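Just so we're clear, the structure is a prediction, and the values are computed from it rather than from any experiment. Each chain gets a letter, A, B and so on, in the order the sequences are listed, and its residues count up from 1.
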Protein chains: 2
Amino acid sequence: MVKCSSRNLDRTFAALADPTRRRILESLSRGDMCVTDLARPYSMSLPAVSKHLRVLEGAGLIRRRRQGRVHSLKLEATPMQEAQQWIEEYRKFWEGSLDRLDEYLKQLQKEESHDK
Amino acid sequence: MVKCSSRNLDRTFAALADPTRRRILESLSRGDMCVTDLARPYSMSLPAVSKHLRVLEGAGLIRRRRQGRVHSLKLEATPMQEAQQWIEEYRKFWEGSLDRLDEYLKQLQKEESHDK
């Protein structure tokens, strides 16, 4: 994997590692919003929200548009695609774990019904 | 989404936000390894590797087994499933962006062929 791509992954995963930033992305998935509307439901100060928005912008996950004094924010999900592709490589491992758990539970049930 | 699940997502995404930790997971996807074997290809000190391993353990992404003085490490991909499900909700947004880009490029080609 190229270095540039690795840096993008660093930024994307780091941006997603915070519940407030994930909630901001969830809000923007329902439509573009301005900064004050985003801050309201979380009772957050504008500087606190702005800090999270800068992290999301740095990761390319949101885009800011200035319309006079109002900053309108838009979700940009494209960087998530690479993150999703990285995680996808591990699907066989978690599916394998679930299969083994399922087999183990079936085995337990079988033993229980034999004991009765 | 419940709080506990949100904390798990915080830990998983934060653990994946570092290139060395992602490389450790990639190495473990090829089989269990001991700490010294993991440290070798990155020319890292054992304390530096151990710090990354603690983050991965905290996120439940690896499991450590002690066999005498040797610590054997195993990949545990299950927490990635939740992270993947969270990102998956945004697929329609990045696919939408790609569709729009595709349409734009087709439109450009069309205009170019008209100009010739």
Student: Hey, are the side chains of B:E76 and A:Y90 touching, using non-hydrogen atoms and a 4.5 Å cut-off?
Tutor: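 B:E76 vs A:Y90: side chains apart.
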
Student: Is it the case that one hydrophobic cluster holds both B:L56 and A:I87, taking links as side-chain heavy atoms less than 4.5 Å apart, direct or via other members?
Tutor: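 Linked within one cluster.
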
Student: Verify the cluster assignment for B:L46 and B:V70: are they in a single hydrophobic cluster under the rule of side-chain heavy atoms below 4.5 Å apart?
Tutor: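 No: no chain of side-chain contacts under 4.5 Å links B:L46 to B:V70.
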
Student: Go through the atoms of B:D10 and report whether side chain, backbone, both or neither lie under 4.5 Å from a heavy atom of chain A.
Tutor: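 Contact with chain A is through both the backbone and side chain of B:D10.
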
Student: Answer yes if A:M44 and A:L73 sit in the same cluster of Ile, Leu, Val, Met, Phe, Trp and Tyr residues linked by side chain heavy atoms under 4.5 Å apart, and no otherwise.
Tutor: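 A:M44 and A:L73: one cluster.
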
Student: What distance separates A:L25 CG from B:E89 CD, expressed to the nearest 0.5 Å?
Tutor: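 Taking CG in A:L25 and CD in B:E89, the distance rounds to 13.0 Å.
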
Student: Tell me, do B:M80 and A:W86 make a side-chain contact under 4.5 Å, heavy atoms counted?
Tutor: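 In short, these two side chains touch, coming nearer than 4.5 Å.
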
Student: Of the non-hydrogen atoms in B:A77 and A:F93, which two are nearest, and what is the gap between them?
Tutor: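 So the two residues come closest at CB-CB, 3.5 Å.
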
Student: Are A:V55 and A:F13 connected in a single hydrophobic cluster, I mean Ile/Leu/Val/Met/Phe/Trp/Tyr linked by side-chain heavy atoms less than 4.5 Å apart?
Tutor: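 Cluster IDs for A:F13 and A:V55 differ.
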
Student: With a 4.5 Å limit on heavy-atom distance, are the side chains of A:R22 and B:S6 in contact?
Tutor: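 SC-SC contact between A:R22 and B:S6 confirmed.
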
Student: Heavy-atom distances under 4.5 Å only: say whether B:L16 touches chain A with side chain, backbone, both or neither.
Tutor: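 For B:L16, backbone and side chain are both near chain A.
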
Student: State which residues pass side-chain contact (heavy atoms from CB on, under 4.5 Å) with A:A14; sequence neighbours excluded, sorted by chain then number.
Tutor: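 Listed in chain order: B:A17.
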
Student: Look only at the side chain of A:R91 and the backbone of B:Q84, and say whether a donor-acceptor pair between them is shorter than 3.5 Å.
Tutor: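 No.
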
Student: Kindly write out the residues that satisfy side-chain contact (heavy atoms from CB on, under 4.5 Å) with A:K51, not counting sequence neighbours, or none if the list is empty.
Tutor: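 For A:K51 the side-chain contact (heavy atoms from CB on, under 4.5 Å) partners, ignoring immediate neighbours, are A:R54.
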
